[in-house]
Amino acid sequence: MKPIYFDYAATTPVDDRVAEVMMRYLTRDGDFGNPASRSHMLGWLAEEAVENARNEVADLIGADSREIVWTSGATESNNLALKGVADNFAPEDCHLIIGATEHKAILDPALHLQKKGFGLTILQPDADGVISSDAVAEAIEPNTRLVSIMAANNETGVLNPVEAIGALCAQRGIWFHTDAAQAVGKIPVDVATWQPTLLSISAHKFYGPKGIGALYVRRRSDLQLKSQIHGGGHERGMRSGTLATHQIAGIGEAARLAATELNEEAMRILGLREALWAGIKDLGDLQINGGGARRTPGHLNIAFGGIDGEALMMALRNLAVSTGSACTSATVEPSFVLKAMGLSDQAAHGSLRFSLGRYTTQTDVDQAITSIREAVTALRKQTAAAS
Ligand SMILES: *Cc1c(COP(=O)(O)O)cnc(C)c1O
């Protein structure tokens, strides 16, 4: 039996409607041409599919289609953003500001740049996991070039005040990047109000395929983003490589569906998340991590007091959930995101992330409530008996 899926923040299934569109660009009876082939119709048809998708993704975030650069996903987009800015400067002339709760796909490239001599400030969040625009303002140095603060956290769903941070950066003449992998397709994203210079997108977080994403690169900006992959000059020189037509058609269709269904879907998912919480909160000694902050509708990260998270996850084998973020769950270190929010090692280890999405049903939630109640009650009895 497959477990009930509560891990939409790690990845989502490809929507059937998206898969159907992707199929048209693979086999010999489809439009399989190279979008860069200018001399025949198969190339033109593939290029048309790529440009339609570019419009859909741009529309979803209020951008111009010329501001969308295809990448392999948010990891690559983040790397291109950070390194593509840093490459404009000598290390001593470039200081970067990021948050401590960023995804590894920001932390690791930032630390890589720091090793090469670039300045780096890592901001600590408040107890709810929020990085304030005041904290950003205080960290700005004369040679600060880029601020990179995520829109929504992957572990807690906590939203940062990107609108205020964007306004601050615009006012101070500093470029602003936001990793919006957990925001795009889940909450309204608008580059006009957030004012990012750069914004990262990943298709597989909103019912598109894995291995495709985009970087929004603002046109009205003095930023010259330096390419990190050379060869052929695709994507206006910013990211070379033959475009993956089927993947791009997929992210385009996923974006089109999100644009039309986002508001209704967010309300439905929020209702299910509230039902899940209402069904377990009287167990007592439970805390919602980031509970005091604005969050994405689908995230519910709970610290279960007096219980080991691994033991709880083992007891909940009928549910696909995460301890910490999926990307760090290979190690047994407590989540650095929860630690940065001030949780003890024990509380971080005793935390589980439930993330709900498009195919979550009331029945799923009811079964989860039953399973969680049984598991928590049994584990607490064991602990009480042992002490
Ligand atoms: C999933 C995720 C990434 C990585 O995206 P990929 O497309 O899998 O490379 C980066 N940042 C955040 C916040 C994410 O949730």
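Computed from a predicted structure; not experimentally measured. Every number for a ligand or one of its atoms is a count from 1 in the order of the listing. The first residue of the sequence shown is numbered 1, and numbering continues consecutively from there.
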So is E76 polar-close to ligand 1, meaning N/O to N/O under 3.5 Å? no
Would you mind listing which atoms of ligand 1 come within a distance below 4.0 Å of any non-hydrogen atom of K205? 1 (C), 2 (C), 3 (C), 14 (C), 15 (O)
When the ring planes of W175 and F89 are compared, do they come out parallel, tilted or perpendicular, using 30° and 60° as the limits? tilted
Side-chain heavy-atom pair H177, I106 within 4.5 angstrom cut-off: yes
Ligand 1 versus M150, non-hydrogen atoms closer than 4.0 Å: side chain, backbone, both, neither? side chain
Which of the atoms in ligand 1, numbered in the order shown and given with their element, are less than 4.0 Å from a heavy-atom of N154? 13 (C), 15 (O)
Out of the candidates V50, I212, N34, only one should pair with L243 under the side-chain contact (heavy atoms from CB on, under 4.5 Å) rule; please name it. V50
Would you kindly specify which portion of A181 sits under 4.0 Å from ligand 1, judged on non-hydrogen atoms: side chain, backbone, both or neither? side chain
Counting both backbone and side chain atoms, is some N or O of G73 under 3.5 Å from an N or O of ligand 1? no
For ligand 1 and H204, I'd like to know whether there is a polar contact (N/O to N/O, distance under 3.5 Å). yes
Using a 3.5 Å distance criterion without hydrogens, assess whether the side chain of S335 forms a donor-acceptor pair with backbone atoms of V337. yes
With hydrophobic residues grouped by side-chain heavy-atom distances under 4.5 Å, do L215 and V191 end up in a single group? no
Short side-chain to backbone donor-acceptor contact, R268 and R358, under 3.5 Å: yes
To which of I201, T178, D179 does the heavy atom nearest atom 11 (N) of ligand 1 belong? D179
